[in-house]
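For clarity, every value in this text was computed on a predicted model and none was experimentally measured. Note that these values count all heavy atoms, side chains included, but never hydrogens, waters or copies made by symmetry. Residues take their numbers from the sequence shown, with the count starting at 1.
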Amino acid sequence: MNASNSDIGKAETLSRESARLGVLKITVLTLLSNIALAAIKGITGILAGSTALISDAVNSASDVFFGIVVVLGVRLAGKEADDKHPYGYERFESLVTMLIGVVVTLVGLFIGFDGIQKIWQGARYGLEAPDPAALWVAAGVIAFKSFMYLFTKARSKKYRSDVLAAAAADHGADALATFGVFIGIAAAQLGVPIADPIASLLIAVLVIKTGVEIIIGAVGQVTDKSAGTDTDEKIRSIALDRKEPVGVDKIMTRIFGDRIYVDIEICLPGDYTLDKAHSIAEQIHLDVEAGIPEVKDCMVHVNPSEACAAGKE
């Protein structure tokens with residue numbers, strides 16, 4: 001016995017709410033951890049005299065900023081559709097993701113500029129190697145950020161969240177950046193003090209790369225990018241998996257935040273009654289939404305088979 005449409009709708013609403021709360025919890029965890037990391041790296045960098053660790057602290061401080069923005073954005077994206085936004089608020093998550101990318105890129109540029117200045121100063125006046133304490137702090141940060149990358153990446157797939165995917169990418173970039181800090185400090189301890197600001201410059205490159213990738217992904221989400229051929233084939237398979245002589249004339253998909261909108265044109269015999277054609281289209285509509293959880297709405301248009309055949313000639 002099939003579940004009623006209202007039961008399916010309630011289950012989907014609960015699932016969406018559960019995912020939204022999960023994203024919020026992980027975002028708050030990330031926010032609190034980045035506050036702690038920014039303080040630890042900043043204080044240690046100043047006391048130990050490590051330019052690279054101070055730059056890494058600035059990177060963590062920027063993570064705190066966009067963590068606050070993400071919390072606000074996810075809460076807004078979870079609002080129900082209304083008269084002003086009849087398609088819902090999911091796309092606000094994409095806008096937040098784009099803002100994250102912009103902030104990450106700007107922070108990378110700032111770190112890079114500061115690193116270039118320190119390298120120039122070191123070439124002219126010389127530099128002192130940072131205290132070994134900076135090395136131990138960097139090692140601890142690498143371990144923590146690597147764990148956060150794996151954890152957040154797994155949860156982004158579970159909740160199908162673009163924001164968490166962007167956060168995971170940022171965690172990964174942070175781990176790589178701090179690894180560069182570790183190498184730079186270690187080289188400085190071995191008698192090459194200018195390696196510390198050079199490591200800062202390498203951090204900047206990694207951070208900028210991450211920011212640009214996040215922006216490119218978010219742009220695709222707000223410009224009605226297709227969900228891809230794999231999704232199209234799933235939709236086609238669902239539509240054709242019926243006893244009736246259904247043909248598929250056209251499939252169009254567009255990404256809307258973390259959801260997908262589908263428009264499909266099917267072909268049915270021209271002598272079918274309106275009621276029968278509508279019933280088949282409605283069932284395909286429900287089957288697509290049930291078979292592909294990411295689909296928020298599937299609009300089905302019916303063409304008579306004769307018109308489909310004429311269009312292909």
Side-chain angles (χ1 to χ4, degrees), residues 1-23 73-74 76-98 154-166 217-244 246-268 277-303 308:
M1 183 177 179
N2 294 329
S4 67
N5 291 344
S6 60
D7 289 338
I8 294 174
K10 288 179 181 178
E12 181 182 0
T13 299
L14 289 173
S15 176
R16 292 282 298 165
E17 180 64 16
S18 176
R20 189 179 70 84
L21 290 175
V23 172
V74 170
L76 183 58
K79 291 180 61 177
E80 294 294 328
D82 53 32
D83 292 339
K84 291 184 178 180
H85 294 86
Y87 290 98
Y89 288 79
E90 284 90 353
R91 190 164 280 177
F92 279 91
E93 186 170 334
S94 300
L95 293 176
V96 169
T97 303
M98 187 180 297
R155 288 301 185 272
S156 73
K157 293 179 179 179
K158 177 181 179 180
Y159 299 136
R160 300 193 299 276
S161 170
D162 296 317
V163 164
L164 286 188
V219 168
Q221 295 160 14
V222 298
T223 54
D224 290 338
K225 180 181 178 181
S226 167
T229 55
D230 288 344
T231 301
D232 289 353
E233 289 306 312
K234 288 181 183 178
I235 295 169
R236 187 183 302 277
S237 176
I238 292 171
L240 295 177
D241 189 24
R242 307 195 57 76
K243 296 178 180 179
E244 295 84 1
V246 176
V248 177
D249 193 33
K250 180 186 288 187
I251 295 175
M252 294 189 298
T253 60
R254 58 190 176 95
I255 296 176
F256 192 91
D258 62 343
R259 308 302 299 281
I260 300 172
Y261 279 86
V262 176
D263 292 292
I264 177 173
E265 293 186 14
I266 63 172
C267 304
L268 293 174
H278 172 76
S279 176
I280 294 171
E282 177 68 13
Q283 191 57 54
I284 291 175
H285 158 87
L286 295 174
D287 289 347
V288 170
E289 292 185 359
I292 307 176
E294 296 87 355
V295 172
K296 180 174 183 177
D297 184 66
C298 176
M299 181 69 69
V300 182
H301 176 78
V302 179
N303 294 323
C308 295

Kindly give the heavy-atom pair with the smallest separation between [X] and [Y], and that separation in Å.
X: T253; Y: G228; value: OG1-N, 4.3 Å
X: S156; Y: A165; value: CB-N, 3.4 Å
X: G247; Y: L240; value: CA-CD2, 4.2 Å
X: A239; Y: V248; value: CB-CG2, 3.9 Å

Any side-chain heavy atom of [X] within less than 4.5 Å of one from [Y]?
X: I266; Y: N303; answer: no
X: I280; Y: V302; answer: no
X: Y159; Y: L164; answer: yes

Legend entry - For D263, all residues meeting side chain to side chain contact (heavy atoms under 4.5 Å, CB included), sequence neighbours excluded: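 Counting only residues at least two positions away or on another chain, D263 forms a side chain to side chain contact (heavy atoms under 4.5 Å, CB included) with M252, M299.
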Inset, instruction - Not counting sequence neighbours, which residues clear side chain to side chain contact (heavy atoms under 4.5 Å, CB included) with E233? List them please. - result: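 Result, side chain to side chain contact (heavy atoms under 4.5 Å, CB included) vs E233: R236.
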Legend entry - Counterpart residues, salt bridge (Lys or Arg N to Asp or Glu O under 4.0 Å), relative to D287 (two or more places apart):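 For D287 the salt bridge (Lys or Arg N to Asp or Glu O under 4.0 Å) partners, ignoring immediate neighbours, are R242.
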Legend entry - Atom pair CG (D241) and CD1 (I284), whose distance is rounded to the nearest 0.5 Å: 10.0 Å
Legend entry - From CD1 (I260) to OG1 (T231), nearest 0.5 Å: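 Reported value, rounded in 0.5 Å steps: 4.5 Å.
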Legend entry - Residue from V300, I264, V295 passing side-chain contact (heavy atoms from CB on, under 4.5 Å) with H285: V300
Legend entry - Sidechain-backbone polar pair: E289 side chain, C298 backbone, donor-acceptor under 3.5 Å: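 Side chain of E289 to backbone of C298: a pair is present.
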